[in-house]
Amino acid sequence: MNVRLHNTLTRSTEPFQPLQKGQVLFYVCGPTVYDYIHIGNARVFVIFDSLRRFLERCGFRVIYIQNFTDIDDKIINRAREKGVDPRELAEEYIAEYWEDADRLGVRRATHHPRATENVENIIGLIRVLEEKGFTYQVHGDVLFDVSRFPAYGKLSGKKVDELIEGARVESRYKKRSGADFVLWKSAKPGEPRWESPWGPGRPGWHIECSAMVLRYLGHTIDIHAGGTDLTFPHHENEIVQSEAATDHPFARYWLHNGYLNIGEEKMSKSLGNIVTVREMLKQYHPRVLRLVLFSTHYRKPLHLDDEVLSSAERYFERMKNFLRNLSFIEEKVQQAPLCEGKEQEAQFSENIKKCRERFTEALAEDFNTAQALGVVSEFFRTMNRFLQPERGRWSRDTTAGIREFLEEVEEVLGIVPAEEMSVEDRLVQELVEKRQEARAKKEWETADTLREEIHNLGYVVEDTPLGPRWFRTEVESAGDFSVP
RNA sequence: GGCGGCAUGGCCAAGCGGCUAAGGCAGAGGAUUGCAAAUCCUUUAUCCCCGGUUCGAGUCCGGGUGCCGCCUCCA
């Protein structure tokens with residue numbers, strides 16, 4: 001499969017060709033752990049985790065690294081507000097991250113390094129930069145001298161002199177250039193600190209990612225990804241400091257996902273409209289959330305609102321119905337193999353094959369999940385036709401083919417509903433059987449009463465030519481999601 | 001001010017020069033059903049405007065209009 005990815009570096013969609021055949025070195029900027037992750041963070045983690053899953057499916061061995069920024073101003077400030085130790089705070093929210101990520105179905109990275117575990121490396125990296133003459137010190141802080149690195153701006157297309165002009169906020173530093181940034185921050189009283197050649201302090205934000213990339217993946221990686229807002233200055237700075245230190249290209253493909261907005265507004269603290277994953281999961285099934293995230297191409301902005309969410313809920317319902325229809329037929333075929341009519345099955349088998357191809361092609365073209373979802377949708381429509389109880393004949397090959405495709409969809413996107421095996425309630429089974437007897441005798445009132453009873457137990461019966469189909473209904477999601 | 005992105009049916013959303021412009025949601029009609037449910041079928045697009053390139057453009061180029069992002073911690 002020829003995968004193509006949009007590279008921010010070249011602003012074009014290019015064939016993806018890893019440096020080392022069959023292996024992908026992939027780094028994603030992880031969360032700063034000072035609060036619960038919000039739904040915008042979730043977009044990054046879900047999208048790139050799924051891309052990694054897709055690459056693995058394409059046969060690549062993917063080494064996937066996602067960091068935790070567990071030391072930083074935001075953490076220090078929040079810890080102060082709450083009167084706790086910054087380390088404790090970070091620890092707490094790393095635990096909360098796991099909970100949210102697990103529920104969202106985001107798989108663990110190959111490794112999740114933390115900034116505080118890499119201070120030695122960070123100091124080492126800064127020393128290299130210092131020895132090469134890329135740094136200067138102001139008030140105990142170590143800054144990167146952007147003027148020493150002419151390639152600065154190659155990712156974001158920004159020019160150093162324009163930045164000085166446009167700078168909206170006065171820096172606390174006497175920087176030589178507006179684009180210079182902190183590598184090592186001296187500790188103020190009461191702040192967490194590590195010893196260093198420049199005195200006690202802590203790493204600047206940008207340097208940690210470079211240090212972790214170098215340590216866990218090497219001087220040149222294949223993919224570096226994150227939210228679009230990280231393009232500048234974070235990723236730009238990562239590039240200069242890494243390339244200045246190693247003299248090697250840092251990352252070959254830069255991937256950036258678009259913002260997630262609440263209605264028409266950007267999510268921000270000042271607007272007070274930050275929606276946490278925790279909050280969303282109270283109202284929506286995690287897989288519905290994933291569906292929403294996949295419903296728009298990852299590079300485009302995604303506007304989260306009621307309609308988008310309920311639309312995804314309906315899609316999810318359809319998937320559940322489909323699985324129900326499928327297992328019902330599978331059961332019937334199991335009981336009495338009705339395999340005649342292979343010729344008629346051929347068109348369905350062909351259809352499954354086509355869908356699989358188109359699904360993969362969509363994802364291979366810059367990970368177009370929206371298009372892939374469209375394919376899945378068409379697949380359901382065609383296969384529901386195949387599964388019509390009226391048809392009266394099905395081949396196992398075809399139902400097996402359906403299962404295979406569903407597994408593939410699940411493996412990459414993780415959106416297929418779990419099949420609730422009818423576990424505990426023999427009772428319902430009995431009621432359904434009784435109702436069948438009543439129906440056979442055309443005792444409609446008895447039948448309807450029984451259905452009511454079944455319904456009250458949280459189940460639904462559907463009558464088909466092959467007999468009743470029954471299932472447990474999910475607990476309805478609690479109310480609407482409204483824009484704050 | 002600098003850099004970049006986007007404008008497709010009621011809503012969301014694919015589409016990267018060439019069969020009848022995917023798909024979802026909502027609406028309408030129909031098939032099916034004892035009634036339902038589920039499912040299937042049918043049905044809705046001057047692709048923001050104006051020029052240009054081309055045999056051919058939603059798709060490329062120029063201009064305009066309107067939204068949005070980054071340039072400040074931010075995924």
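To find a chain, count down the sequence lines: A is the first, B the second, and so on, and within it residues start at 1.
Taking side-chain N and O atoms only, Lys300(A) has a distance below 4.0 Å to OP1 or OP2 of A7(B). A close approach under 4.0 Å does not occur between any side-chain nitrogen or oxygen of Trp470(A) and OP1 or OP2 of A37(B). Side-chain N/O atoms of Asn325(A) include none lying less than 4.0 angstrom from OP1 or OP2 on A38(B). Between Arg299(A) and G5(B) there is no side-chain N or O to OP1 or OP2 distance below 4.0 Å.
Listed by chain and residue number, Ser210(A), Phe250(A) satisfy the side chain to side chain contact (heavy atoms under 4.5 Å, CB included) test with Ser242(A) (two or more places apart in sequence, or in another chain). The side-chain hydrogen bond (donor to acceptor under 3.5 Å, both in side chains) check on Thr446(A) picks up nothing, with sequence neighbours excluded. The side-chain hydrogen bond (donor to acceptor under 3.5 Å, both in side chains) search around Asp229(A) returns Tyr259(A), not counting sequence neighbours. Residues satisfying the side-chain hydrogen bond (donor to acceptor under 3.5 Å, both in side chains) test with Thr13(A), not counting sequence neighbours, are His6(A). Considering only residues two or more places apart in sequence or on other chains, Tyr97(A) meets the side-chain hydrogen bond (donor to acceptor under 3.5 Å, both in side chains) condition with Gln66(A). In this structure, His303(A) has no ring pair (Phe, Tyr, Trp, His ring centres under 6.0 Å) partners at least two apart in sequence or on a different chain.
For the P atoms, the distance from C11(B) to A26(B) is 16 Å, rounded to whole Å. Comparing the C1' positions of A13(B) and U8(B) gives an interatomic distance of 9 Å, to the nearest angstrom. G1(B) and G18(B) have their P atoms separated by 38 Å, with the value rounded to a whole Å. Annotation: C49(B) and C41(B) have their C1' atoms spaced 39 Å apart (nearest Å). Rounded to the nearest Å, the gap between the C1' atom of A22(B) and that of G4(B) is 28 Å.
The CD-C1' distance, from Glu264(A) to C6(B), rounds to 12 Å in whole Å. In this structure, OH of Tyr34(A) is placed 13 Å from P of C73(B), rounded to the nearest angstrom. Atom CG in Leu363(A) sits about 12 Å away from atom P in G15(B), given to the nearest Å. In this structure, the CD atom of Glu365(A) is 8 Å from the P atom of G15(B), given to the nearest Å. When rounded to the nearest whole Å, the span between CG of Leu326(A) and C1' of U39(B) equals 14 Å. Straight-line distance from the NZ atom of Lys159(A) to the C1' atom of C70(B): 15 Å, rounded to whole Å. What separates NZ of Lys154(A) from P of C71(B) is a distance of 21 Å, to the nearest Å. Between the CZ atom of Arg435(A) and the P atom of C35(B) there is a distance of 13 Å, given to the nearest Å.
Lys158(A) contributes a side-chain N or O that forms a donor-acceptor pair with the base of C70(B) under 3.5 Å. Residue Arg11(A) places no side-chain atom within donor-acceptor reach of the base of C3(B), judged by atom type and a 3.5 Å distance cut-off alone. A donor N or O paired with an acceptor N or O is found under 3.5 Å between the base of A36(B) and the side-chain atoms of Arg451(A).
Stacking here means ring centres nearer than 5.5 Å and ring planes tilted less than 30 degrees, and by that measure Tyr259(A) does not stack onto A75(B).
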Tell me which donor-acceptor pairs under 3.5 Å the side chains of residues 292-302 of chain A have, and how far apart each pair is, sequence neighbours excluded?
residue: Ser295(A); atom: OG; partner: Val292(A); partner atom: O; Å: 2.7
residue: His297(A); atom: NE2; partner: Asp366(A); partner atom: OD2; Å: 3.2
residue: Tyr298(A); atom: OH; partner: Asp366(A); partner atom: OD1; Å: 2.7
residue: Arg299(A); atom: NE; partner: Asp366(A); partner atom: OD2; Å: 2.9
residue: Arg299(A); atom: NH2; partner: Asp366(A); partner atom: OD2; Å: 3.0

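Aromatic rings of Tyr36(A) and Tyr93(A) (six-membered ring for Trp) have centroids within the 6.0 Å cut-off, being under it.
Base contact: Gly40(A) has a heavy atom under 4.0 Å from a base atom. Here Asn261(A) lies out of heavy-atom contact (under 4.0 Å) with every strand. Within the 4.0 angstrom heavy-atom criterion, no nucleotide atom of any strand lies near Ile37(A). Residue-level contact check: His297(A) touches the backbone only, with heavy atoms under 4.0 Å from sugar-phosphate atoms and none from bases. No engagement by Thr231(A) is indicated, since no non-hydrogen atom pair under 4.0 Å with the nucleic acid exists.
With Arg435(A) contributing its side chain and Ala447(A) its backbone, the two residues share a donor-acceptor pair below 3.5 Å.
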Intra- and inter-strand pairing of RNA chain B, written as dot-bracket with Watson-Crick and G-U pairs under 3.5 Å and | for the latter, reads ((((((((.[[[..)..(....]]].(((((.......)))))....[[[[[..)....]]]]])))))))....
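In terms of position on RNA chain B, the residue among Thr13(A) and Val460(A) whose nearest nucleotide sits closer to the 5' end is Thr13(A).
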Residues Glu410(A), Arg287(A); criterion salt bridge (Lys or Arg N to Asp or Glu O under 4.0 Å); working and verdict
CA-CA 11 Å; Glu410(A) 173 58 17; Arg287(A) 289 177 178 237; 2.8 Å; yes
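The nucleotide whose nearest atom lies closest to any side-chain atom of Lys74(A) is, among A38(B), A75(B), U39(B), A75(B). Considering only side-chain atoms of Thr296(A), the nucleotide from A14(B), A38(B), A75(B) that sits closest is A14(B).
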Going 5' to 3' through nucleotides 17-33 of chain B, assign each nucleotide B (protein heavy atom under 4.0 Å from a base atom), S (under 4.0 Å only from sugar-phosphate atoms) or - (no protein heavy atom that close).
-----BSSSS-----S-
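Considering Phe68(A), Tyr216(A), Phe45(A) as possible partners of His112(A), the one that fulfils the ring-ring contact (aromatic ring centres under 6.0 Å, His included) test is Phe68(A).
Between Leu323(A) and Arg403(A), the shortest heavy-atom contact is CD2-NH1, 4.2 Å.
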